[in-house]
Amino acid sequence: QVQLVESGGGLVQAGGSLRLSCAASGRTFSSYAMGWVRQAPGKERVFVAAISRSGGITTYADSVKGRFTISRDNAKNTVFLQMNSLKPEDTAVYYCVAGTRVRTTSYAYDSWGQGTQVTVSS
């Protein structure tokens with residue numbers, strides 16, 4: 001499994017932006033599909049976005065489509081989530097995840113980071 005460490009979370013006002021980063025260990029980063037999953041207080045973990053191994057395919061949850069952008073830099077073993085036009089309902093712990101292929105369900109991913117808190121104030 002790959003080791004994942006997220007960063008970039010914080011407190012932002014509604015309408016603002018944040019960029020999350022996820023650094024992966026190991027030399028096989030480019031062999032993993034990567035994604036982001038979030039968990040709001042008292043709710044289940046839900047899929048946010050995913051990107052294929054080469055970066056050529058991306059997919060998003062309807063709730064973030066048009067506002068969030070996932071990208072990756074295989075040379076730096078890093079995946080990003082650019083979050084714009086943030087809303088209070090985006091408040092959650094955001095987890096970086098890795099798996100064998102792009103999936104739109106949170107439980108389909110094998111490796112998880114420790115999570116980073118994103119709080120959007122109204």
Side-chain angles (χ1 to χ4, degrees):
Q1 289 187 339
V2 62
Q3 304 299 314
L4 305 170
V5 178
E6 304 95 335
S7 61
L11 174 64
V12 64
Q13 289 188 333
S17 298
L18 281 176
R19 189 191 195 204
L20 304 184
S21 299
C22 172
S25 65
R27 294 175 291 179
T28 59
F29 177 72
S30 60
S31 67
Y32 291 93
M34 301 297 297
W36 292 91
V37 170
R38 69 186 182 187
Q39 185 171 24
K43 296 187 177 181
E44 295 184 349
R45 293 178 177 181
V46 295
F47 168 80
V48 175
I51 188 167
S52 62
R53 289 172 286 183
S54 68
I57 298 172
T58 57
T59 187
Y60 300 90
D62 288 343
S63 59
V64 306
K65 202 170 293 183
R67 300 187 297 121
F68 290 12
T69 302
I70 188 170
S71 61
R72 67 189 296 163
D73 185 340
N74 285 346
K76 296 183 178 180
N77 285 11
T78 304
V79 63
F80 306 96
L81 185 67
Q82 178 66 43
M83 305 186 294
N84 298 330
S85 302
L86 282 162
K87 305 175 181 179
E89 51 263 45
D90 293 319
T91 295
V93 176
Y94 283 71
Y95 297 91
C96 178
V97 294
T100 56
R101 57 183 296 181
V102 170
R103 297 292 181 94
T104 58
T105 52
S106 61
Y107 53 81
Y109 292 90
D110 304 313
S111 299
W112 291 66
Q114 83 288 351
T116 185
Q117 177 71 46
V118 171
T119 303
V120 184
S121 63
S122 57

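Position 1 is the first residue of the sequence, and the numbers go up from there. All figures in this text were calculated on a predicted structure; none of them were measured in a lab.
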Self-check item: CD1 (Ile57) with more than 12 external heavy atoms under 6.0 Å
Solution: no

Quiz item: Has Gln13 got more than 12 heavy atoms of other residues, nucleotides or ligands less than 6.0 Å from its CD?
Solution: no

Quiz item: Does a side chain donor of either Asp73 or Thr78 reach within less than 3.5 Å of an acceptor in the other side chain?
Solution: no

Quiz item: Taking the side chain as C-beta and beyond, is there a heavy-atom pair between Phe80 and Arg19 under 4.5 Å?
Solution: yes

Quiz item: Is there a donor-acceptor pair under 3.5 Å between the side chain of Thr105 and the backbone N or O of Tyr107?
Solution: no

Quiz item: Would you call the rings of Phe68 and Tyr94 parallel, tilted or perpendicular if under 30° counts as parallel and over 60° as perpendicular?
Solution: tilted

Quiz prompt | Donor-acceptor contact present, side-chain Arg67 to main-chain Ser85, <3.5 Å | solution = yes

Quiz item: Is Arg103 close enough and on-axis enough to Phe47, meaning under 6.0 Å and within 45°, for cation-pi?
Solution: no

Quiz item: Got Cys96 and Met34 here, is their nearest side-chain heavy-atom distance under 4.5 Å?
Solution: yes

Quiz item: Does atom NZ of Lys65 have more than 12 heavy-atom neighbours from other groups under 6.0 Å away?
Solution: yes

Exercise. Please answer whether the main-chain N or O of Arg53 pairs with a side-chain N or O of Asn74 as donor and acceptor at a distance below 3.5 Å.
Key: yes

Self-check item: Same apolar cluster: Tyr32 and Val102, side chain cutoff 4.5 Å
Solution: no

Quiz item: Okay, side chain of Ser25, backbone of Gln3: is any donor-acceptor separation there less than 3.5 Å?
Solution: yes

Self-check item: Any side-chain heavy-atom pair of Leu20 and Trp36 under 4.5 Å
Solution: yes

Quiz item: Any sub-3.5 Å donor-acceptor pair from Gln39's side-chain atoms to Ala92's backbone N or O?
Solution: no

